[in-house]
There are 2 protein chains.
Amino acid sequence: MEKLQLHITISPDLYTKDPESSVLGQKIVSKSIEMINDLGFEDFTFKKLGLEIGSNESSVYRYFESKHALLVYLIDWYWSWVEYRLVFATLNVPSVEARLTQAISILTAEVTEDNSFSYINEVLLNKIIITESSKAYHTKAIDSENQKGYYKTYKRVVQRVSDFVSEINPSYEFPHMLISTVIEGAHHQLYFSKHLPALTDFEEGKNNIVRFYTDLVFNTLSHK
Amino acid sequence: MEKLQLHITISPDLYTKDPESSVLGQKIVSKSIEMINDLGFEDFTFKKLGLEIGSNESSVYRYFESKHALLVYLIDWYWSWVEYRLVFATLNVPSVEARLTQAISILTAEVTEDNSFSYINEVLLNKIIITESSKAYHTKAIDSENQKGYYKTYKRVVQRVSDFVSEINPSYEFPHMLISTVIEGAHHQLYFSKHLPALTDFEEGKNNIVRFYTDLVFNTLSHK
DNA sequence: TAATATTAATAGTATTACTATTATATTTGC
DNA sequence: GCAAATATAATAGTAATACTATTAATATTA
């Protein structure tokens, strides 16, 4: 598969200085993805990051006002990328059912190939979303941050797929619950499969998570 | 409703000194539940707790070796309490379907009454589970802690309800995924309903979350 | 009453998540 | 091609955190 040269635009509210605008900024994003994966978000610090990229803690602060802000940026980047893939995969697909099937697959499958963007490793970023993203919004500041639009992209993705659901079954009462349950659920299952397997029915190579959520959605929509 | 005098036993692995064994220990648990709710887990500290209970930071450390250990204790207490309610509510219910319906309701409804235990506020504890519990297991130490049995009770609850699922439909492939999706999903929906309502279809007083998950499970099991 | 255990008080440590200031590169505008 | 503007690095500093260690005071029990 060839590398796509596409561009993801992130709202300026999510950074102090645009990390895409300089080599240092790109290194900050790129290396922080690696380090958050290696160390976990708690043990990751701007000081360690500065050291790794041959730069300084204070330089990182010129791009992101806090560790939390960097995590929010990465999450938004991820959902922007998912939204792009969602649009791309459902464009020119005439059947809504097929579009929804595609969407569920994109939302629930583990990312295994890193090939779209030069300095962002999507495989690692997906792992961060799975293990760290809930820490971003389970915060006392959630309401004010939500108002500032920090989670806009994620909400738009949910809305987009919920629209397929409503198109298939316009009388279905809970399209948003269904889709947010699928997204968050799949992330939990992927995490559980590696760390708390008793909570799951994962089997290597059998695609159980995608199958489980696909069946769940279509069974739910075909009922009554 | 009268107060039940029942007793919940927590594995000694989850504390340094049993908090139930002294007034100070009970005050630590009781006040920490209040304070984690007020401040959020990040801003809650043993120093602040000591101050509030008229005791000292170092005294708290005799009961729990860390803030994290205290959270794990609270989570285990919560699931032990849920398990008790689960057993109680399904005892002498002859139909499996009715037992599963009861179970889903216990797992997905918000706790609104605090009446079983003297020094533990179950309403607040339920809120902590909803907003803070994912922080306990999204940690680099998850595997070693899981091995030490830290999440045994939660896993037992999932197993218990999965067994109802398998009894209703023995050929259903994903009973654990289904139940863990319901539990984690309901917590997310309760959180979203208060902070990110665009991700949900919550309506005050309409019991949508319980209805959504009940329908989801029974539709899934009745299919094919 | 003495021994023992529990709790409180004090002090201290390394680290964190920042802020502020200044010095040194690098880029750009003319 | 040089000055001005800007970006980055280095250094230092702060308040707070998550603990540990030690000692002193207070209960409990034998």
Side-chain angles (χ1 to χ4, degrees), chain A residues 12 14-32 35-36 38-74 119 132 135-136 138-141 144-145 150, chain B residues 12 14-32 35-36 38-74 119 132 135-136 138-141 144-145 150:
Chain A
L14 298 181
Y15 49 76
T16 305
K17 176 182 172 161
D18 188 357
E20 264 191 286
S21 69
S22 73
V23 179
L24 180 63
Q26 296 181 11
K27 265 161 74 179
I28 286 171
V29 170
S30 166
K31 199 75 195 177
S32 69
M35 290 182 79
I36 292 171
D38 288 347
L39 305 173
F41 188 65
E42 285 74 22
D43 290 349
F44 164 78
T45 70
F46 280 3
K47 194 170 191 175
K48 290 176 187 167
L49 174 63
L51 224 97
E52 282 275 325
I53 60 178
S55 176
N56 196 272
E57 197 185 2
S58 55
S59 307
V60 180
Y61 279 101
R62 312 191 106 249
Y63 289 84
F64 297 101
E65 69 179 25
S66 66
K67 214 171 108 166
H68 172 77
L70 169 59
L71 182 59
V72 171
Y73 176 91
L74 293 178
Y119 67 94
E132 314 291 355
K135 294 169 193 170
H138 282 119
T139 297
K140 278 284 152 184
S144 73
E145 293 190 351
Y150 283 26
Chain B
L14 298 181
Y15 49 75
T16 305
K17 176 181 173 161
D18 188 357
E20 265 192 284
S21 70
S22 74
V23 179
L24 180 65
Q26 296 181 11
K27 265 161 76 178
I28 287 170
V29 170
S30 167
K31 199 74 196 179
S32 70
M35 291 182 77
I36 292 171
D38 288 347
L39 306 172
F41 188 65
E42 284 74 23
D43 289 350
F44 164 78
T45 71
F46 281 2
K47 194 170 191 174
K48 290 176 188 167
L49 174 63
L51 225 98
E52 282 275 325
I53 60 177
S55 178
N56 197 272
E57 196 186 3
S58 54
S59 306
V60 180
Y61 278 101
R62 312 191 106 248
Y63 290 85
F64 296 102
E65 69 179 25
S66 66
K67 215 170 107 165
H68 172 77
L70 169 59
L71 182 60
V72 171
Y73 176 91
L74 294 178
Y119 67 94
E132 314 290 355
K135 294 169 192 169
H138 282 119
T139 297
K140 278 285 151 182
S144 73
E145 294 190 350
Y150 283 24

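Residue numbers begin at 1 in each chain, while the letters A, B, ... track the order of the sequences. Just so it is clear, the model here is predicted, and its values are computed rather than measured.
Residue-level contact check: B/Ser59 touches the bases, meaning some heavy atom is under 4.0 Å from a base atom. Looking at heavy-atom distances under 4.0 Å, A/Gly54 makes contact with sugar-phosphate atoms alone, never a base. Nucleic acid contact class of A/Lys47 (heavy atoms, under 4.0 Å, all strands): none.
Ring pair A/Phe64/A/Tyr73: centre-to-centre distance below 6.0 Å.
When rounded to the nearest whole Å, the span between OH of B/Tyr61 and C1' of D/dT17 equals 8 Å. Distance A/Glu42 CD to D/dC19 P: 12 Å, rounded to the nearest Å. Separating the CD atom of A/Gln26 from the P atom of D/dA7 is a distance of 16 Å, rounded to the nearest angstrom. The CG atom of B/Leu51 sits 18 Å away from the P atom of C/dT7 (whole-angstrom rounding). Between B/Leu49 atom CG and D/dC19 atom C1' the separation is 15 Å, expressed in whole Å. Here C/dT7 presents its P atom at 10 Å from CD1 of B/Ile53, a figure rounded to the nearest Å. Between the CZ atom of A/Phe64 and the P atom of C/dT19 there is a distance of 15 Å, rounded to whole Å. Rounded to whole Å, atom C1' of D/dA9 lies 12 Å from atom CD of A/Glu57.
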A/Thr45/A/Lys48 under side-chain contact (heavy atoms from CB on, under 4.5 Å): CA gap, chis, key distance, verdict:
CA-CA 5 Å; A/Thr45 70; A/Lys48 290 176 187 167; 3.3 Å; yes
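The side chain of A/Ser22 contributes an N or O atom lying less than 4.0 Å from OP1 or OP2 of D/dT8. Between A/Tyr63 and D/dT8 there is a side-chain polar atom (N or O) within less than 4.0 angstrom of OP1 or OP2. Applying the 4.0 Å criterion to OP1 and OP2 of D/dA16, one finds that B/Lys48 has every side-chain N and O outside that range. Contact annotation: B/Ser55 side-chain N/O to C/dA8 OP1/OP2 distance is under 4.0 Å. When the side-chain nitrogen and oxygen atoms of B/Ser66 are compared with OP1 and OP2 of D/dA18, none of them lie within a distance under 4.0 Å. A sub-4.0 Å separation between OP1 or OP2 of C/dA5 and a side-chain N or O of B/Lys17 is absent. Look at B/Ser58 and you won't find any side-chain N or O under 4.0 angstrom from OP1 or OP2 of C/dA8.
No side-chain donor-acceptor contact under 3.5 Å links B/His68 and A/Glu42.
Taking only side-chain atoms of B/Leu24, from C-beta outward, the nucleotide of C/dT7, D/dT20, D/dT8 with the closest atom is C/dT7. In the set D/dA7, D/dT17, C/dA9, C/dA9 carries the atom at the smallest distance from any side-chain atom of B/Asn56.
A donor-acceptor contact shorter than 3.5 Å links the side chain of B/Gln26 to the backbone of B/Glu20.
Nearest heavy-atom pair, B/Ile53 versus B/Leu24, reported as atom, atom and distance to 0.1 Å: CD1-CD1, 3.9 Å.
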